[in-house]
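Here's the structure we're looking at; comments come further down.
Chain naming here is simple, since letters A, B, ... match the order of the sequence lines and numbering starts at 1 in each. Computed from a predicted structure; not experimentally measured.
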There are 2 protein chains.
Amino acid sequence: MWSEVLVLATLTVGLSMGGFPYITPSTGNVWPKPQMTETQETYMVIRPEKFKFSVVGHDCDILQEAINRYKRTMFSGPTSPTLNPVWRKDEKFNGFLDEVSLNLMAECEEYPHQYMDEQYQIKIDSSDAPGNGTIISQSIWGILRGLESFSQLLLPAGSDFNVNSTQVMDFPRFAHRGFMLDTSRHYLPIKKIKDHLELMAMNKFNIFHWHVVDDQSFPYVSERFPQLSELGSFTPIHQYSAQNISDIVEFARLRGIRVLPEFDTPGHTRSWGPGQPELLTSCYKDGKPDGTYGPIDPTLDGNYDFLTSLFEEITERFHDHYVHLGGDEVSFSCWESNPNITAYMEAHNITGDYAKLEEIYISKLLDIIANLPNKNGYLVWQEVFDNGVKIAADTIVHVWKSEHIPIGWKEELEKVTEAGYRTVLSSCWYLNYISYGDDWYKYYECDPQEFNGTDTQKQLILGGEACMWGEYVDGTNLIPRTWPRAAVVAEKLWSSSAHTNDTNAAAPRLEEHRCRLLDRGYQVQPFGPSYCLSDVDV
Amino acid sequence: MWSEVLVLATLTVGLSMGGFPYITPSTGNVWPKPQMTETQETYMVIRPEKFKFSVVGHDCDILQEAINRYKRTMFSGPTSPTLNPVWRKDEKFNGFLDEVSLNLMAECEEYPHQYMDEQYQIKIDSSDAPGNGTIISQSIWGILRGLESFSQLLLPAGSDFNVNSTQVMDFPRFAHRGFMLDTSRHYLPIKKIKDHLELMAMNKFNIFHWHVVDDQSFPYVSERFPQLSELGSFTPIHQYSAQNISDIVEFARLRGIRVLPEFDTPGHTRSWGPGQPELLTSCYKDGKPDGTYGPIDPTLDGNYDFLTSLFEEITERFHDHYVHLGGDEVSFSCWESNPNITAYMEAHNITGDYAKLEEIYISKLLDIIANLPNKNGYLVWQEVFDNGVKIAADTIVHVWKSEHIPIGWKEELEKVTEAGYRTVLSSCWYLNYISYGDDWYKYYECDPQEFNGTDTQKQLILGGEACMWGEYVDGTNLIPRTWPRAAVVAEKLWSSSAHTNDTNAAAPRLEEHRCRLLDRGYQVQPFGPSYCLSDVDV
C-alpha cells in the first residue's frame, strides 16, 4: 500500500529504523529554501526564558507585533530532555545566543504592495560577528521574512534550542505569490481564514486573493448596497461584515500579505440578483422571461453606476491597489435569448457578436476601476484576453486553464506575454483537484517561466497563485486539504529555479516542514507514511 | 465549477433562495433510513430543561451511560428564537413530551457480539398511546440504536425541539457493519479514534476493525513481547498501551461496537522483525543474507509458539470472539531466495510450491486460533481463499480487491459463497481512494448481494466494511476525510435495499445528516456547495 511513495522518493526512504518504509525528515532546513545559505557545524544555544529580540534600526507596530508572534512560534516545537542531550558538552558549542538584533534600515511602510522589498539577511555567529545574531533588511517586509526563516533554524535540544552558525541571504524569485480562497460555494469562518493567513506567512506567500462572492452566495456586507448580502448570503450568519473585513486586512497587513479582493463579473453573479433588481439579464423562453437569470445586463446605464459605487467601496475597504475583476466563463445563451439585448446590439451594429458585447461591458468596467479615486489596477481571468476583449496595457492576465481549451498554459503564457501583458499563473496549482496518493511533485515540477518566450516575455511573469475553489471545502477540511500541499507552491514561487528542480532532494525538507507546521498547532495532513512528534496530540 | 453536483442531484437542487445552485437538506429524517417509519403532521414539543428518559424495563451501565450521552447529543443542534416560531400556536401541536420511557425487555448483555439483536421500536404520540414516548427493544443493543434514531427526530424550534408523532420499527439488513482504521502507516491519537467511534455509533456501524500493525510501525504494546513495540513503533509516544486498548474497547462496548483486531501475517510484518529475532525470513542475494527481510518464516517451530502466545494475549485484550488474521499480499520472492526455506520445502515434498508453503503457515495459524482458550473465530483477506489455501469451514473471507485481479468482486463473492464460506465485502468502500468531486454515489450504488448466486449464497453475505487505509491519513485529516462519506456505507449496510437504490432521493437526507454530525461538533466535510447553521463555528 505504500508503493506510490517509494516510486517518488526512493532516495529518501530511510532504512534507519529496522527498514521501515517511510520518508526521513531533514533537520534545520528553511522552507521555502533561501537563495543562499551557509551553515557551519558549530552552534549556539538559545534558552527560551533568556532570549530576546532587540530593535537596533527603525521600529513600528508591524515589527513589534512580529516580535511577539515569533517569540511564541520559535519555541513551539516539541521539547524533550532526551533530544540532542549532548549540547554544551562538545567542541562545536559556541556559547549562548540570548539576543538577536533586528536591523530595519528604512522606515516601515504601512501596507504591503506590489513593489515591496522582501530581501533580508540573517547572520548567526558569523565570522565577522562571532557570538552575535542579526536579521537585516531595507524593508519591514524583509524583516518579516527573515524572522520566519530564523524561527525555522532552531532545533529542539532538551528544553532549549540549538542554532547552527549560519548566514542567509535571501529574496523572492517572484513578486506575486498568491493563494486564492473561495467563500461563496461554502462560507469560511474568520478563524479558519486567519489560520490560513498565518500558514501563508510561514510559507512566505504575500497575496491573499479572496474570491469573496459567486453564484452560490454573496457573503460580503456592503454598506452602500446592504440588500446584496441580505438577500444573497446563505443566512444572516454566513456573512462578512465591514468589521470582519478590516480585521482580516489588518491581520494580513501585519504579516506582509496583500488582500486582493475578487468580485467576478459579468458571469458568476447569480447571488447578486435578488439584492439588485435589473442587474442580471433576464433569460427568455418562448418569448417571455422564464424566471432565470444570466450574466450582468451590459445594456443598462444604471448597472454601471451601481458597479462604480460598489467598487469604490470595495477598493477602499480592501486597501490594495489591485482588484480582481474575474471575467471568466461568461455564457452567452441568456444574452442571446433576451430581446432587449438583441435590440441594443442592433442599435450598436454588433448583432450576433456577443464577444463584442462582453468587450463593451469589460471596457466600461476597466474604465470605472481606472477612474476610481485611487486609480486602481486590476487582474482579470484569461478569458477576457482569450475572447479578444480590448484591455488596457496595465491589465494583469490571470492564466488558469489547465486543459488545451483553447490552448495549454505554456502556449497561453506565450501569447499573453507576446501581447505585452503581465501575467500570473494558476493552471498547475488548482489544489482543489485532489487525487489519491502523492500529488505534490506535480506542483513542484511546474515552472511559470518554462515556456517559449524571450527574456522580456519571461519578465512579464509576475508569479503565480495556488487556488482552493470551495465546492467541496469549508471550515472542516480547509486546513488539512490545503496544507502542506500549498507549501510546495510557495517554494516554487519564492526559491531559485536551480534549487527547486529535484523532488527527491525536496522530499525530506518538505517532511521536516510538515512536522514544523504541525508543531505550530495547525492540522496539516501527511504525505506518505511518516510520523511527527506532535502528531499524537492533534 | 458546480456542474458535477448538478449532474448528480438535479432533482434536489433547490431554487428557493433566488435560484442558487446547492442541495437543500431534508428535515427530520433518520440516517440510516429505518425499515419502517410512519410520521404524522401533528407534533409534540420537547423542553430540554424538563425532558428525561425513564427506565421501565431492565437497566445496566450501558443504558445509564447512553442516557447521559443522548441527553447531551439530542440538544446539540443550533437553537434560535427565530426557528419555527409558530409552535404551540397551531392545531398540530399535541402537547409537551417531557419523558420518553426506555423499555428494555431482557437483561443487558455485557459485550456486543456477532449475533446481537439490534431491533427496536419507537413510538411517539402513537394512536395506541397518545401523548407518550417509548423506545422498546428485546436487547440493550436495540435500545442504543433506538436512542440514536430518536435523537435524530428532533427539530430545533426556538430554544425547544419539535418531534412529530412518529412510529419507527427498525432492524439492520446486515449483521456485520464494519469500519477499518489503519494505525501503522500513521499513528492515530486515541482522541481521534474515539471521535471516529462516536461517529460510527451515530451511523449504526457495529464493528471497529482495527488494523493495528503493519510494515511501517508496530504501535501495539504487548505485555508478553514488549520488544515488538519498543523496537517497532515510530517512537515511544507512538504506541497503544494495554490501558489505551482497554479504554477503546470499553468506549466501543458502551456504544454497541465490537472491536475486531487485525494482526496481519505472514506478510505486512516488517515492523515485527526488530523486536522478534528469527521471526521474519532473511532474504538472500548472491548466496548470503542481504540484510532485508520477508514474510514470517513458516519453517521454524519457535515462530508458532510466539504466535500462539501473542494471539492468546490479543484475543483476551480485545474481547471479541473474532480476530482478523490478514493473509493478504504475501510476496514469495524472499522465501524463494532463502536456502533454509528451500531445504524445508524439499523435506516436505513441496519444492517450488510456495502457495502450499503459505497454506502450511495459514493452516497452523488457524489451528492456533481455534485452539485458544476461547476457541476464537477469524477473518482472513480474500487471497487466502484465492490462493487455494485449505481453510476451516467457519472462516469468514474478507473480499477487498476492486480490480479484476484475479476477478471482480461480484465473481469473487460468487466463488467464495459457492464454496460455502461466509463473507464480508470491502471492495467498493475503500474510502482512502479519494478523488475530485462527489464520490458518495459510487458507495451508495454498491450492493453486497448483487451478484449471481442462490438465496443460500446471498445469506452467506454477512455485510461489509468501509476501509480507511492510513498511507495519507493521520489525526489531522481522519475525521473530515472519512465523514460523512462513511455514512453512505452505513446506510447501505443497515437499511433495506428497497430504500437505498436512489441517490437523488438520498441526497437531501444525506445533506441533513451531514449538518447533524457537524452540529454535534465533528469536523465533517461537505459534499457539494451547501451550508449548515453550525459551519460558521468549526
Side-chain angles (χ1 to χ4, degrees), chain A residues 1-2 4-5 17-22 182 184-187 189 192 214-217 231-232 234-235 237-238 270-271 273-274 291-293 329 432-438 469-477 479-481 518 522-531 533 535-538, chain B residues 1-2 4-5 17-22 182 184-187 189 192 214-217 231-232 234-235 237-238 270-271 273-274 291-293 329 432-438 469-477 479-481 518 522-531 533 535-538:
Chain A
M1 294 298 297
W2 39 268
E4 296 88 346
V5 179
M17 296 258 308
F20 308 154
Y22 51 76
D182 163 10
S184 174
R185 277 62 177 245
H186 288 97
Y187 180 86
K192 294 290 176 179
D214 206 295
D215 283 327
Q216 283 79 357
S217 75
L231 299 177
F234 288 131
T235 78
I237 60 173
H238 293 89
R270 228 189 276 197
S271 70
T292 68
Y293 294 90
E329 300 180 315
N432 50 305
Y433 289 141
I434 56 170
S435 58
Y436 180 67
D438 267 322
W469 294 98
E471 281 81 354
Y472 303 98
V473 175
D474 69 1
T476 62
N477 58 355
I479 299 299
R481 188 172 285 201
L518 199 66
Y522 299 94
Q523 303 278 305
V524 173
Q525 76 181 16
F527 297 107
S530 63
Y531 69 93
L533 288 180
D535 64 14
V536 298
D537 301 315
V538 296
Chain B
M1 295 297 297
W2 39 268
E4 294 88 347
V5 179
M17 296 261 305
F20 309 153
Y22 51 77
D182 163 9
S184 174
R185 278 62 179 246
H186 288 97
Y187 181 85
K192 295 288 175 179
D214 206 293
D215 283 329
Q216 283 81 356
S217 75
L231 301 176
F234 288 132
T235 77
I237 60 173
H238 294 88
R270 229 189 275 196
S271 70
T292 67
Y293 294 90
E329 300 181 316
N432 49 304
Y433 289 143
I434 56 169
S435 58
Y436 180 66
D438 268 322
W469 293 97
E471 280 82 354
Y472 303 100
V473 175
D474 69 2
T476 62
N477 57 357
I479 299 299
R481 188 171 285 201
L518 200 67
Y522 298 94
Q523 304 278 305
V524 173
Q525 76 181 15
F527 296 108
S530 62
Y531 69 92
L533 289 180
D535 65 13
V536 298
D537 301 316
V538 296

Could you look at A:Val536 and say if it's the side chain, the backbone, both or neither that has a heavy atom under 4.5 Å from chain B? both
Holding to salt bridge (charged side-chain N to carboxylate O under 4.0 Å, His left out), I want the full list of residues that pass it with B:Asp182, two or more places apart in sequence or in another chain. B:Arg185
With respect to chain B, which residue among A:Val524, A:Thr292, A:Val473, A:Asp537 yields the maximal number of heavy-atom pairs within a distance under 4.5 Å? A:Val524
Side chains of A:Val538 and B:Pro189, heavy atoms from C-beta outward: is any pair under 4.5 Å? yes
Is any side-chain heavy atom of A:Gln523 closer than 4.5 Å to one of B:Gln523? no
Taking the inter-plane angle between the rings of A:Tyr472 and B:Tyr436 on a 0 to 90° scale, is it parallel (under 30°), tilted (30 to 60°) or perpendicular (over 60°)? perpendicular
Looking at chain A, which one of B:Ser530, B:Ser435, B:Gly475 has the largest number of heavy-atom pairs inside 4.5 Å, strictly under? B:Ser530
With a 4.5 angstrom heavy-atom cut-off, is it the side chain or the backbone of A:Pro480 that approaches chain B, or both, or neither? side chain
Proximity breakdown for B:Leu518 and chain A, heavy-atom pairs closer than 4.5 Å: side chain
Side chain to side chain donor-acceptor pair (under 3.5 Å) with A:Thr476: which residues, sequence neighbours excluded? A:Asp474
